[in-house]
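Chain letters run A, B, ... following the sequence lines, proteins first, then strands; residues in each count from 1.
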2 protein chains.
Amino acid sequence: MEYQNNLIETQINKKLAELTHAQKDRLAFIDFSLQFFGHVARTDLIQRFKTGLAASTRDFSTYKELAPDNLILRHQTKSYHRTDDFQSIFKHDPEVILTSLSRGFGNGISTGVQPSEQCFDAVRLIHPNVAIIASIMRAIHNKQGVKCGYVSVSSGETERAIVPHSIVNNGHRWHVRAYDRKHNSFRDFVCTRFTYVDLIQGPVHVHEASPYDQQWQQIVDIELVPHPKIKQPRAIEMDYNMSDGKLSIQLRAAVAAYVLRQWQVDCSVDHSELHLGCQLALANPEVIKLIENISLAPGIA
Amino acid sequence: MEYQNNLIETQINKKLAELTHAQKDRLAFIDFSLQFFGHVARTDLIQRFKTGLAASTRDFSTYKELAPDNLILRHQTKSYHRTDDFQSIFKHDPEVILTSLSRGFGNGISTGVQPSEQCFDAVRLIHPNVAIIASIMRAIHNKQGVKCGYVSVSSGETERAIVPHSIVNNGHRWHVRAYDRKHNSFRDFVCTRFTYVDLIQGPVHVHEASPYDQQWQQIVDIELVPHPKIKQPRAIEMDYNMSDGKLSIQLRAAVAAYVLRQWQVDCSVDHSELHLGCQLALANPEVIKLIENISLAPGIA
DNA sequence: AAACAATGCAATCATTATGATTGCATCTAA
DNA sequence: TTAGATGCAATCATAATGATTGCATTGTTT
């Protein structure tokens with residue numbers, strides 16, 4: 001039966017590949033609505049994609065061809081309902097699903113966002129400026145430097161040239177990883193602290209590019225366990241899907257300290273840094289030797 | 001000139017509204033690529049949407065009709081380049097943009113995710129099970145209760161019936177806001193702690209629904225300032241886009257403590273709770289009287 | 001200098017997808 | 001029993017798309 005299910009799945013994928021992009025989007029919408037709302041009607045499809053009646057009916061027919069056991073029409077409610085045998089015909093990533101549930105199905109750009117009244121993503125307190133992000137992204141993509149104004153916590157506003165290679169969300173804010181020509185080293189720059197960003201037309205030197213960013217290239221193994229002082233470690237083990245009471249993750253050394261801070265991991269050797277909200281402890285503290293900005297993490301002497 | 005630009009914008013929106021959904025998606029892709037990468041070619045469009053050559057050429061023609069000053073064809077690079085006068089013809093939300101930059105342009109379901117090598121969203125350590133999310137979401141959408149197994153930190157694994165009304169990301173994990181029939185009150189349940197979820201066919205009582213969830217319905221005004229012990233408050237004020245050195249946000253009382261915890265806001269009255277990573281202080285501590293689960297926030301006696 | 005290759009374009013024609021209309025089926029409400 | 005609102009299939013018209021041809025522009029190879 002496992003073999004037969006895999007065969008059917010392959011045939012479904014083959015048929016999906018033969019469809020146009022627009023058709024595929026509409027079938028994904030039907031599949032998504034059935035799975036997460038339990039029902040879907042022609043009017044839902046028409047409302048979302050602005051198609052005609054006939055096209056919607058054909059879309060449902062196509063979906064029924066692909067997965068006849070997934071849905072059943074109930075004239076009482078005038079809509080299709082998800083069956084108990086439902087098997088999604090699209091692959092799902094939990095974060096992508098939750099994004100779609102909170103913002104609405106779609107890319108969020110063509111037709112904007114439709115905020116949900118039932119699913120709410122995390123509250124964001126920091127909103128980078130789109131024009132700044134766009135300038136930085138174009139510099140990264142075209143391997144260029146930028147001349148910018150920047151307000152740092154330590155030295156106020158300065159002007160400098162940097163060569164950015166990545167934009168990263170550290171859990172609280174978005175920052176740029178870049179080579180700083182002022183300090184001749186790779187550093188992080190918070191996106192909201194740029195006062196202006198102008199692309200530089202000149203060349204970028206090899207040592208200013210990401211392959212020479214040692215902390216960026218270094219991958220470290222982080223091992224996390226439920227904090228030893230927690231009485232019910234099983235709930236924590238479930239949360240983090242731990243195996244043998246442990247979660248191992250590979251992170252770039254440049255990013256690791258931010259992750260430890262965001263998740264409030266106790267990094268002290270004797271696990272003495274237990275404070276409010278702390279559920280995890282670092283099981284391999286020797287790894288902190290590989291992380292230059294480790295002082296950002298909790299529990300570092 | 002401001003008036004004339006608004007008139008042009010209205011005309012662009014009118015023309016966009018006349019296009020089919022698929023056409024709009026492709027124009028959004030062109031616009032997005034120009035803004036964030038600085039250039040786009042026919043092959044990019046074909047690769048992303050699997051269209052034919054002629055359709056791509058027509059798409060570029062349509063885009064040029066709408067925004068002739070946005071792009072210019074350079075035969076040397078055989079692609080279109082963003083001009084200095086570029087004005088996006090689609091509205092942008094920073095978070096949506098950053099999601100698209102990190103996961104690729106699209107809904108992430110029809111054709112999956114294309115992880116970027118230049119833009120990285122926050123590392124997630126907790127991944128809810130899609131089947132559990134789907135069951136809970138169907139219960140919420142159809143106003144039903146669920147019978148579930150749940151592993152709590154305090155009492156281990158129990159079986160209970162709940163009536164969920166919302167799914168919320170508290171900054172670290174996704175949880176369900178639901179009426180707990182076991183304790184006869186509204187509570188939060190971490191999504192990764194469910195062992196099973198079955199929908200209940202029976203009725204839901206009025207007092208079990210979200211209008212009776214007082215903490216959910218109560219909106220509280222949170223006022224945040226840079227922590228008084230920070231020497232360079234200007235960078236912090238820029239980060240949080242503060243006005244007059246202050247950021248005011250409206251949050252549901254049920255969610256507020258999580259936000260204060262995630263952002264490590266010092267809630268102590270005398271601002272004595274300054275620890276690593278703390279940049280903000282609560283300017284109106286009297287608000288904590290309205291928040292039942294305020295003990296989750298830092299600095300509460 | 002000429003030929004080739006790879007992008008771009010427009011025009012034309014064929015194919016496919018979509019939209020409108022008509023007639024019918026199912027269910028609920030009046 | 002009738003009306004209304006969903007669903008369907010079939011038919012025909014329209015719009016979007018795909019393939020092909022010829023041309024323009026630029027860089028590379030011969």
* **ring pair (Phe, Tyr, Trp, His ring centres under 6.0 Å) pairs, two or more places apart, involving residues 40-76 of chain B** => H21(A)-F49(B), F29(B)-F49(B), F60(B)-Y80(B)
* Among the candidates dG7(D), dA9(D), dC9(C), find the nucleotide nearest to the side-chain atoms of T57(A). => dA9(D)
* Between I30(A) (CD1) and dG7(D) (C1'), how many Å, whole number? -> 14 Å
* **Residues in side-chain hydrogen bond (donor to acceptor under 3.5 Å, both in side chains) contact with Q11(A), at least two apart in sequence or another chain** => none
* In residues 35-43 of chain B, which residues come under 4.0 Å of DNA chain D by heavy atom? -> none
* **Contact letters for nucleotides 15-28 of chain D, in which S counts primed atoms plus P, OP1 and OP2 and B counts the base, heavy atoms under 4.0 Å** => -SBBB-----SSS-
* Partner residues of D188(A) under the salt bridge (Lys or Arg N to Asp or Glu O under 4.0 Å) criterion, sequence neighbours left out -> R177(A)
* To do: Send over the distance from I46(A) CD1 to dT18(C) C1', rounded to a whole Å.
  => 12 Å
* **Interatomic distance where CG belongs to L45(A) and P belongs to dT18(C) [whole Å]** => 10 Å
* Asked: Expressed in angstrom and rounded to an integer, what is the separation of D44(A) atom CG from dT6(D) atom P?
  -> 11 Å
* Asked: For H39(A) and N142(B), does a side-chain donor sit closer than 3.5 Å to a side-chain acceptor?
  -> yes
* For atom NZ of K147(B), is the number of surrounding heavy atoms from other residues, nucleotides or ligands below 6.0 Å larger than 12? -> no
* Distance, rounded to the nearest Å, where L71(A) contributes CG and dT6(D) contributes C1' -> 16 Å
* NA contact type, S61(B), heavy-atom cut-off 4.0 Å: base, sugar-phosphate, or nothing? -> sugar-phosphate
* Structure fact -> By side-chain hydrogen bond (donor to acceptor under 3.5 Å, both in side chains), N129(A) pairs with (sequence neighbours left out) none
* Would you please say whether a donor-acceptor pair under 3.5 Å links the side chains of T62(A) and R26(A)? => no
* To do: Compare all side-chain heavy atoms of Q87(A) with those of N70(A) and state whether any distance is below 4.5 angstrom.
  => yes
* Asked: Nearest-Å distance, CD1 (I72(A)) to P (dT6(D))?
  -> 21 Å
* Asked: Can you tell me if OH on Y212(B) sees more than 12 non-hydrogen neighbours from other groups inside 6.0 Å?
  -> no
